[in-house]
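Worksheet: the structure to be examined is printed underneath.
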Amino acid sequence: MDYDAVLAQVLALLQQEQRLSYRVLKRRLQLDDELLEDLKEDLIYAKKLAVDEDGRVLVWTGETSIALTTASPVLPPATSDVSPTQVQAPPVVPPTPDAERRQLTVMFCDLVDSTRLSGQLDPEDLREVVRTYQRTGCKFLKFL
């Protein structure tokens, strides 16, 4: 992979994560020490998009995205009758990521023939059977 492709990947990761350990960067992108130093030199000193933290972490300092900078409103200049101490800056709200991927585990449990059982039992009795089943199932799940 050429340098520009690696740089694009690092920029995307850094922009998304905001903070990346150099060790994690090396592992995720299979970088050698020389390439990592080139990236640090480029991002920290040349492009000024990140800063080094304790020689271990790369911290994003660039803009969140181009779209956000063009969409941000321009505040009008303060009028002479309002002093700068009276004007309050709008609260800083961190941008919402465009997309987020999360791992989700779903477990579904069912009582065999529960439909037939619901036709045979009184609703209160069926509720008690289901509650007993749930209590037993929860105890079983604690052992897994």
Side-chain angles (χ1 to χ4, degrees), residues 1-78 82 84-144:
M1 191 180 323
D2 69 327
Y3 178 79
D4 291 332
V6 173
L7 178 62
Q9 282 187 324
V10 171
L11 280 171
L13 275 172
L14 191 55
Q15 206 170 4
Q16 178 184 350
E17 303 278 342
Q18 300 293 305
R19 301 170 58 84
L20 289 170
S21 153
Y22 295 131
R23 289 181 62 142
V24 170
L25 261 178
K26 287 174 69 173
R27 182 173 302 265
R28 286 177 80 172
L29 301 176
Q30 289 83 39
L31 304 177
D32 59 16
D33 291 337
E34 187 176 328
L35 184 54
L36 181 62
E37 288 303 314
D38 292 344
L39 287 165
K40 287 166 53 175
E41 189 81 20
D42 199 8
L43 292 171
I44 295 170
Y45 302 107
K47 293 181 175 40
K48 297 192 181 270
L49 293 173
V51 293
D52 176 78
E53 185 175 280
D54 300 325
R56 299 175 66 190
V57 178
L58 193 60
V59 180
W60 177 255
T61 60
E63 299 172 354
T64 52
S65 76
I66 310 275
L68 288 177
T69 58
T70 58
S72 62
V74 177
L75 296 176
V82 178
T85 57
Q86 292 174 336
V87 177
Q88 291 189 358
V92 177
V93 179
T96 305
D98 293 337
E100 187 175 301
R101 185 178 296 248
R102 294 183 182 192
Q103 184 175 352
L104 177 67
T105 303
V106 178
M107 185 176 98
F108 176 76
C109 298
D110 191 18
L111 288 171
V112 175
D113 292 332
S114 61
T115 304
R116 184 174 56 85
L117 189 61
S118 67
Q120 295 174 349
L121 295 176
D122 183 63
E124 287 80 18
D125 294 336
L126 179 63
R127 184 179 62 189
E128 193 56 42
V129 169
V130 170
R131 284 188 176 164
T132 302
Y133 167 74
Q134 289 171 337
R135 279 192 303 272
T136 305
C138 289
K139 288 178 186 174
F140 173 74
L141 288 176
K142 289 179 184 176
F143 294 108
L144 292 179

### Task
Would you mind reporting whether W60 and L43 have side-chain heavy atoms less than 4.5 Å apart?
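Result no, sub-4.5 Å side-chain heavy-atom pair not found.
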### Message
Within the 4.5 Å heavy-atom criterion, are Y22 and L31 side-chain neighbours or not?
### Response
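The answer is no, as the side chains (C-beta and beyond) never meet within the 4.5 Å cut-off.
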Taking all heavy atoms of [X] and all of [Y], pick out the closest pair and write down the distance.
X	Y	answer
L126	S118	CD2-CB, 3.4 Å
R28	L20	NH1-CD2, 4.3 Å
Y3	D38	OH-O, 3.7 Å

### Query
Hey, mind stepping through L7 and K47 against side-chain contact (heavy atoms from CB on, under 4.5 Å) and telling me if it holds?
CA-CA 12 Å; L7 178 62; K47 293 181 175 40; 4.0 Å; yes
### Criterion side chain to side chain contact (heavy atoms under 4.5 Å, CB included) against V6, the qualifying member of L35, L25, L11
L35
### Message
Checking side chain to side chain contact (heavy atoms under 4.5 Å, CB included) between L58 and each of L36, I44, V51, which is the one that passes?
### Response
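Answer to the side chain to side chain contact (heavy atoms under 4.5 Å, CB included) test with L58 among L36, I44, V51: I44.
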### Query
Just wondering, more than 12 heavy atoms not from E34 lying within 6.0 Å of its CD?
no
### Query
Is it true that K40 and E37 make a salt bridge, defined as a side-chain N closer than 4.0 Å to a carboxylate O?
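Answer for the salt bridge query: yes.
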### Message
What's the separation between atom CG in L39 and atom CD in Q9, rounded to the nearest 0.5 Å?
### Response
10.5 Å
### Query
When you measure from the side chain of T61 to the backbone N and O of L49, does any donor-acceptor pair fall under 3.5 Å?
yes
